[in-house]
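A quick write-up on the structure given underneath.
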2 protein chains.
Amino acid sequence: MFRLTMPKMTKQQGGGGVADMAGQAPRRRADARRNERALLEAAAAVFVTSGVEAPVRDIAARAGVGVGTVYRHFPTRADLVVAVYRHQVEACAEAGATCLASAATPYAALARWIDLFVDLLVTKHGLAAALRSDSAHFDALHSYFLDRLVPVCTQLLDAAAGSGEIGSDLEAYELMRGVGNLCIGADSDPRYDARRLVELLIAGLRRPY
Amino acid sequence: MFRLTMPKMTKQQGGGGVADMAGQAPRRRADARRNERALLEAAAAVFVTSGVEAPVRDIAARAGVGVGTVYRHFPTRADLVVAVYRHQVEACAEAGATCLASAATPYAALARWIDLFVDLLVTKHGLAAALRSDSAHFDALHSYFLDRLVPVCTQLLDAAAGSGEIGSDLEAYELMRGVGNLCIGADSDPRYDARRLVELLIAGLRRPY
DNA sequence: AACCATACGGAACGATGTTCCGATTGACAA
DNA sequence: TTGTCAATCGGAACATCGTTCCGTATGGTT
């Protein structure tokens, strides 16, 4: 519980005041910054060829770094995955408003946005599976996706319900999990077209008549 | 490639003639039969509490047997899972004809049968996940389910297409994989109601007009 | 009773995620 | 420039899997 040796305080860093929270990320050693970049690039490259479930050792090797270094920068494999895909998740989240603004009807906007979400999942090998992978590992991944995207989906769902195009009794959480599940294994099986099934699901959402 | 010592032939067993194929399972030692039963029972019990991904060692321990014995009876964990659920899969397959005979329309029969299938998956912890679990392990499980159930589903799908209730451009394989995927994680998450989403999917299947 | 193929048990192997800790080094003070 | 030391690194080590191996025990037959 207690640290045996307290780190020495340097003059810049306060002892725990709120000032710590206000600034940007603290200055880090050059090699630390370099390794984090290398890790992100290596992970992205490995994920493309071997999927997101690639062994940590492979990523470390590719980055020319020891496994310990991986865990220093990313407490868990899931955190690394989140870091790699953060930009794309962010883009997907922001696309929600765009869809709503540019589509003919709220239902069309929802369909369009879900399609973007499916793209995100199907493009990366095993991302969908990892998302739903028995969340012992990959817990952070699951949480991040949901935290960021569920609100967006809720907004689209509400709009479509408000326009009377769909029923209003489905939570965004359920829809996103359903779509995510449908995308599992969509790569690596030409006989299975996840996008088609997602379309059916969205079609089933439409208010009858 | 070659066995160093050939097993002795006993008088009942021919040297490789077709007679081997004709008869029932060959007589096995009493302890072997006993252990197989114990393993099936232990596995069933452990699956209920820990899910189908429970460690082989746990099952072996529960059966009072060494791990080697597990693998002597079931070449792979997936084979054990298949053995445990074979009866229920069989029942589900046979229910296909019943549904078709007793439901008001072929589409209703399809919906009813899919519901039975969902029951099968959701009831057993992690069965759906295992079915789609990165088929390195669990390959046999995946194959068995598909081999046995896809033909049944095809029949129901064809009937519903024939009656004009649904479009005819969806393969049974895709539908079953979609439904299976939707059921992943349905246990262990009260916020996610797989049955609801499957209903939406089936609803989306209905011919629009 | 003797024999031996069948079957058993669990140590051992290879892969994985994660933790630990002694060695290294970048950045700052003198 | 040099000394210092906390931050950082590297990879051995640990725990947990599925699976294989092989020496030992045993059931059934002769």
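Since the model is a prediction, treat every value here as computed from it, not as a measurement. Numbers restart at 1 for each chain; the letters A, B, ... are given by sequence-line order, proteins then strands.
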Please report, rounded to the nearest Å, how far the [atom2] atom of [N] is from the [atom1] atom of [X].
{"X": "B/Arg27", "N": "D/dT29", "atom1": "CZ", "atom2": "P", "value": "6 Å"}
{"X": "A/Arg29", "N": "D/dC9", "atom1": "CZ", "atom2": "P", "value": "7 Å"}
{"X": "A/Glu53", "N": "C/dT18", "atom1": "CD", "atom2": "P", "value": "12 Å"}
{"X": "B/Asp31", "N": "C/dA5", "atom1": "CG", "atom2": "P", "value": "17 Å"}
{"X": "A/Arg28", "N": "D/dT8", "atom1": "CZ", "atom2": "C1'", "value": "11 Å"}
{"X": "A/Ile59", "N": "C/dT16", "atom1": "CD1", "atom2": "C1'", "value": "12 Å"}
{"X": "B/Phe138", "N": "D/dG18", "atom1": "CZ", "atom2": "P", "value": "8 Å"}
{"X": "B/Arg57", "N": "D/dT19", "atom1": "CZ", "atom2": "C1'", "value": "9 Å"}

Between the main-chain N or O of B/Val65 and the side-chain N or O of B/Thr69, is there a donor-acceptor pair closer than 3.5 Å? no
Spell out, as yes or no, whether a donor-acceptor pair under 3.5 Å connects the side chain of B/Thr154 to the backbone of B/Val150. yes
Among B/Asp115, B/Ile114, B/Ile166, B/Leu197, the one residue meeting side-chain contact (heavy atoms from CB on, under 4.5 Å) with B/Ile202: B/Ile114
List in numerical order all residues of residues 64-83 of chain B for which some heavy atom is under 4.0 Å away from an atom belonging to DNA chain D. B/Tyr71, B/Thr76, B/Arg77
Taking DNA chain D as the partner, which of residues 33-47 of chain B come within under 4.0 angstrom of it by heavy atom? none
Of B/Ala30 and B/Val56, the one whose closest nucleotide on DNA chain D sits nearer the 5' end is B/Val56
Atom CZ of B/Arg28 with >12 non-hydrogen neighbours under 6.0 angstrom: yes
Quick check: are there more than 12 heavy atoms from other residues, nucleotides or ligands sitting under 6.0 Å from CD of A/Glu171? no
Kindly list each side-chain donor-acceptor pair under 3.5 angstrom involving residues 42-52 of chain A, sequence neighbours excluded, with atom names and distances?
residue : atom : partner : partner atom : Å
A/Thr49 : OG1  : A/Val46 : O            : 3.1

In residues 178-191 of chain A, what donor-acceptor pairs under 3.5 Å come from side-chain atoms, sequence neighbours left out?
residue  : atom : partner  : partner atom : Å
A/Asn181 : ND2  : B/Asn181 : O            : 3.1
A/Asn181 : ND2  : B/Ile184 : O            : 3.1
A/Asn181 : ND2  : B/Tyr192 : OH           : 3.3
A/Asp187 : OD2  : A/Gly126 : N            : 3.3
A/Asp189 : OD1  : A/Arg191 : N            : 2.9
A/Asp189 : OD2  : B/Tyr173 : OH           : 2.4
A/Asp189 : OD2  : B/Arg177 : NH1          : 2.8

Please enumerate all residues that pass side chain to side chain donor-acceptor pair (under 3.5 Å) together with B/Glu174, with sequence neighbours excluded. A/Arg196
Identify, with sequence neighbours excluded, every residue that meets salt bridge (Lys or Arg N to Asp or Glu O under 4.0 Å) alongside A/Asp31. A/Arg29
